[in-house]
Amino acid sequence: MTNMIQSAKDQVAALTQAAYERAAAAGVLPAGGEGVKATIEIPKDTAHGDYASSFAMAGAKALHMAPRAIAQAIVDHLELEGSYFNKVEIAGPGFLNFTLGPKWYGDVLSAVEVEGPAYGSGDEGGGRTVMVEFVSANPTGPMHMGNARGGVLGDTLANVLARDGWKVWKEFYVNDAGNQINKFARSIYARYQQIVWKDDTLPFPEDGYQGEDIRELAQALYEECGGDFINEPEEDALFQMAQFGLERNIPKMKEDLKKYGIEYDQWYMESWLHDRGFVADTVQVLTDKGWTYEKDGALWLNTTELLKKKYMAEGRSQEQVDKLDLKDDVLRRANGFYTYFAADIAYHRNKLEERKFDLAINIWGADHHGHVARLQAALDGLGLDGSRRLVIVLMQLVNLLQDGKPVRMSKRTGKAIALHDLLDEISVDAARYYFNNRASSSPLDFDLDLAVRQDSENPVYYVQYAHARICSLVARLAEEDGVAVPAAACVDAAVFATTEELALVKSLAQYPEELHLATRDYDPSRINRYLTALAGDFHRFYNACRLKGEEAAVLAARLKLADTVRSVLANGLNLLGVTAPEKM
RNA sequence: GCGGGCGUAGCUCAGUUGGAUAGAGUGACUGGCUACGAACCAGUAGGUCGGGGGUUCGAAUCCCUUCGCCCGUACCA
């Protein structure tokens with residue numbers, strides 16, 4: 001709950017405003033400065049202080065004075081007594097540069113100590129419920145690199161949301177119905193026939209799944225149940241093939257994801273929606289509301305109108321909307337089967353209406369971006385406000401590199417690298433950190449040759465090393481010198497004098513802000529960047545400042561600082577699902 | 001055509017509400033342990049922020065325009 005950055009910022013704003021009012025009362029500044037919207041930021045260069053206010057520049061127009069003159073009047077009437085700051089300077093075009101004093105540094109250490117593993121938490125969610133649906137890979141084959149990325153992204157996002165006051169539910173949507181299951185069944189059936197007749201030249205579906213895993217499924221089926229399916233009607237045999245394949249694949253997926261550190265609250269079957277008539281019911285509701293029409297024997301959703309309505313509501317002009325190339329969607333095909341889109345609308349109606357989640361977040365591959373707006377619009381059409389209550393985080397795909405050159409991945413041709421194979425090669429820690437190392441909007445290259453031999457290559461080791469180094473340091477001081485980590489109340493932050501110490505405390509204070517931004521932008525890769533930077537600040541501190549042999553007050557303060565860093569590193573790594581080792 | 005993503009150092013990428021001299025990692029080069037963990041640190045070199053225009057005290061960031069790469073635009077899922 002304690003956000004030291006925010007409270008310092010608030011103080012800058014309050015101090016500046018109070019100074020303005022005093023200056024205005026004294027007649028030094030004209031009236032009209034109350035509404036000045038000054039930005040308060042942390043300068044990149046510490047020579048410009050710890051916080052900078054743009055009050056003087058922003059107010060130049062309203063006050064009809066030169067920025068630097070305004071700044072001088074503010075400084076003359078500033079009252080820093082009792083605040084976090086002990087110095088203010090005017091610089092550049094009129095920046096007011098505030099420098100933090102020891103009180104603030106001490107309070108940062110206290111905040112981490114008091115809040116411990118909860119440090120960095122917020123309450124943006126306010127107890128609202130959110131479902132994060134992620135991975136949801138087709139159960140027709142093993143999971144690949146893209147699923148590995150989506151897995152960490154969703155899992156970490158769920159962790160971060162929970163820290164921000166949301167009640168989080170994690171779900172895997174299993175597409176156990178529809179065309180690709182049919183294709184799956186036909187693929188197994190073809191391999192099965194090849195096995196039964198001992199003839200590899202028997203025909204295999206043109207669009208079938210060619211992976212080795214399909215052969216293995218067929219072989220297992222043959223070994224368990226024999227060759228009798230050959231004699232059954234094809235329809236029955238295909239049903240059995242699909243059942244057998246799913247019953248083996250789904251537990252395998254659960255197992256792989258568990259190994260990867262991911263466990264769901266629920267695996268939700270698409271077939272549940274079909275079986276109880278919920279897809280049909282949802283389509284009926286859309287029809288009742290007048291959003292559908294029949295054409296060429298199929299039932300269509302008037303997506304064009306729904307999207308126009310949505311875009312206009314979002315502020316686009318009629319002209320902009322008119323030039324869009326919009327198309328309607330089929331909900332029920334001429335053959336009577338519902339489309340995937342219809343099932344998806346029903347599934348999200350289930351999330352928002354039946355299960356009453358306040359918010360639904362989906363992690364999707366960027367190749368599905370064309371469906372984002374139309375799904376939201378369809379939910380709008382159901383009166384569920386999908387444009388706001390459904391958030392789709394698009395994730396750019398993973399490029400697999402081999403010898404520095406891209407390899408085309410495809411489940412159909414069986415050329416993808418499976419998640420479980422990957423985890424045989426590299427640790428869960430390394431994989432989870434690696435796949436969370438880029439914003440979801442950036443494509444991510446995955447070079448297996450590099451990943452396999454990576455040790456120090458992966459920044460996860462840099463962060464973990466900092467943690468292990470501190471553990472070792474703390475243990476050693478306790479053992480050899482009998483010095484324990486002191487309570488924050490016993491530390492005099494005024495002894496922090498080096499730039500390394502001050503920078504390190506400021507990094508610690510940045511953590512709640514980073515978590516907040518990670519949830520706001522649905523971008524948990526920020527945590528990686530933060531942790532790497534914090535570890536770097538620690539390593540620099542460690543090289544610049546000794547502990548052993550220093551006088552008691554300095555030793556105590558530095559030891560407390562190091563231990564506080566340890567706590568925050570562990571805190572962040574925990575959110576990523578990465579271990580914080582004491583030794584390595 | 002329409003829509004989405006991207007374009008920043010040799011390479012991979014950061015850059016929060018517009019801010020002061022545009023950063024990090026990696027690669028290259030030069031240094032630092034009889035030292036609390038060298039899986040570490042310090043330094044040097046490397047840039048027309050794809051190009052052009054505009055908005056203003058101030059633009060990598062906002063607007064317009066243009067070029068290039070990836071993706072989507074199914075009675076597939």
Side-chain angles (χ1 to χ4, degrees), chain A residues 37 39-45 47-48 52 54 57-58 60-61 66-67 91-95 97 138 140 175 177-181 183 207 270 295-300 323-327 329-341 343-344 365-373 394 396-397 399 404 437-445 447 455-459 461-462 464-466 468-477 480-481 513-514 516-517 520-521 525-526 528-529 532-533 535-536 538-550 555 558-559 562 583-584:
Chain A
K37 207 168 166 275
T39 58
I40 295 155
E41 53 161 35
I42 300 175
K44 274 174 267 185
D45 187 346
H48 296 132
S54 65
M57 284 113 78
K61 256 187 190 150
F95 285 106
N97 292 339
N138 275 334
T140 53
N175 302 126
N179 247 331
Q180 93 282 0
I181 290 297
K183 200 196 296 181
D207 59 347
E270 182 184 347
K295 192 181 89 181
D296 303 334
L299 185 71
W300 294 70
K323 74 169 196 172
L324 293 175
D325 183 20
L326 300 173
K327 284 175 184 135
D329 292 281
V330 171
L331 293 175
R332 192 180 59 228
R333 297 195 281 261
N335 64 15
F337 287 100
Y338 289 100
T339 57
Y340 178 87
F341 186 51
D344 221 19
D367 52 343
H368 291 91
H369 72 82
H371 298 275
V372 174
L394 292 176
Q396 293 294 320
L397 303 185
N399 302 313
N437 212 33
R438 291 270 174 281
S440 65
S441 57
S442 298
L444 188 147
D445 288 335
D447 190 329
D455 269 318
S456 53
E457 193 72 39
N458 191 319
Y461 299 103
Y462 184 77
Q464 289 184 316
Y465 180 60
R469 214 177 194 188
I470 297 168
C471 290
S472 167
L473 175 65
V474 170
R476 190 143 181 173
L477 282 166
E480 295 177 5
D481 302 331
E513 186 75 5
E514 288 296 334
H516 171 67
L517 293 173
R520 190 199 65 183
D521 299 342
S525 72
R526 281 183 163 279
N528 275 36
R529 267 171 256 127
T532 306
F538 173 75
H539 288 308
R540 277 185 285 280
F541 156 77
Y542 183 87
N543 271 272
C545 303
R546 285 191 64 78
L547 280 82
K548 268 171 116 68
E550 293 291 332
L555 172 57
R558 287 180 178 171
L559 179 56
K583 285 179 185 163
M584 50 190 291

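Letters A, B, ... are given to chains in the order of the sequence lines, protein chains preceding strands, and every chain is numbered from 1. All values below come from the heavy atoms of this structure, side chains included, with hydrogens, waters and symmetry mates left out. Given the structure is predicted, the values throughout are model-derived calculations rather than measurements.
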Determine the Euclidean distance between corresponding [atom1] atoms of [M] and [N]; express it in Å to zero decimal places.
N	M	atom1	answer
A14(B)	G25(B)	P	16 Å
U21(B)	G47(B)	C1'	13 Å
C36(B)	C41(B)	C1'	15 Å
U55(B)	U65(B)	C1'	15 Å
A59(B)	A74(B)	P	44 Å
A28(B)	A60(B)	P	32 Å
G32(B)	U17(B)	C1'	42 Å
C49(B)	G37(B)	P	46 Å

What is the nucleic acid contact for [X], judged by heavy atoms within less than 4.0 Å: base, sugar-phosphate only, or nothing?
X	answer
Pro67(A)	nothing
Ser441(A)	sugar-phosphate
Ala91(A)	base
Cys471(A)	nothing
Ala544(A)	nothing
Ala52(A)	base
Lys583(A)	base
Ile40(A)	base
Leu324(A)	sugar-phosphate
Arg332(A)	nothing
Asp296(A)	base

Residue pair Ser442(A) / Gln396(A), side-chain heavy-atom distance below 4.5 Å: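 A side-chain contact is absent here, since even the closest heavy-atom pair is not under 4.5 Å.
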Heavy-atom check, side chain of Thr532(A) versus side chain of Tyr462(A), under 4.5 Å: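 The answer is yes, as the side chains (C-beta and beyond) meet within the 4.5 Å cut-off.
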Between [options], which one does the side chain of [X] approach most closely?
X	options	value
Leu517(A)	U16(B), G19(B), A74(B)	U16(B)
Asn543(A)	C75(B), G37(B), C40(B)	C40(B)
His371(A)	A77(B), G37(B), A14(B)	A77(B)
His369(A)	A77(B), G19(B), G3(B)	G3(B)
Leu547(A)	C36(B), A42(B), C75(B)	C36(B)
Arg438(A)	C13(B), A74(B), G19(B)	C13(B)
Glu41(A)	C71(B), G37(B), U17(B)	U17(B)
Ala334(A)	G5(B), C75(B), A77(B)	C75(B)
Tyr542(A)	A20(B), G37(B), A35(B)	G37(B)

When you measure from the side-chain N and O atoms of [X] to the phosphate of [N], is any distance below 4.0 Å, counting only OP1 and OP2?
X	N	answer
Lys327(A)	A74(B)	yes
Arg469(A)	A38(B)	yes
Asn175(A)	A77(B)	no
Ser442(A)	A14(B)	yes
Arg529(A)	C13(B)	no
Arg546(A)	A35(B)	no
Tyr465(A)	A39(B)	yes

Record whether the side chain of [X] comes under 3.5 Å of the base of [N] through a donor-acceptor pair of N or O atoms.
X	N	result
Asn97(A)	A20(B)	yes
His539(A)	A38(B)	no
His368(A)	G72(B)	no

Charged N-O contact under 4.0 Å between Lys548(A) and Glu480(A):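 Salt bridge between Lys548(A) and Glu480(A), a charged N being under 4.0 Å from a carboxylate O: yes.
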Applying a 3.5 Å limit to both distances, which nucleotide forms a Watson-Crick or G-U wobble pair with [N]?
N	value
A28(B)	U44(B)
U21(B)	none
U16(B)	none
A39(B)	none

Ring-base stacking, Phe95(A) with G19(B) (5.5 Å, 30° cut-offs):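 Answer is no, no stack.
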Rounded to the nearest 0.5 Å, how far does [atom2] of [Y] lie from [atom1] of [X]?
X	Y	atom1	atom2	result
Phe95(A)	His48(A)	CZ	NE2	8.5 Å
Asn399(A)	Leu444(A)	CG	CG	8.0 Å
His516(A)	Asp521(A)	NE2	CG	8.5 Å
Tyr340(A)	Leu331(A)	OH	CG	14.5 Å

Distance-only donor-acceptor check, side chains Arg476(A) and Ser472(A), under 3.5 Å: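 Distance-only check fails for Arg476(A) and Ser472(A).
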Geometric cation-pi criterion Arg333(A) and Tyr338(A), 6.0 Å radius, 45° cone: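 So Arg333(A) doesn't make the cation-pi contact.
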RNA chain B: 5'-proximal contact among Leu444(A) and Thr339(A) (nearest heavy atom):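 It is Leu444(A) whose nearest nucleotide is closer to the 5' end.
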Comparing Asn335(A) and Gly370(A) on RNA chain B - which has the more 5′ nearest nucleotide: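 Looking at the nearest nucleotide for each, Gly370(A) comes out on the 5' side.
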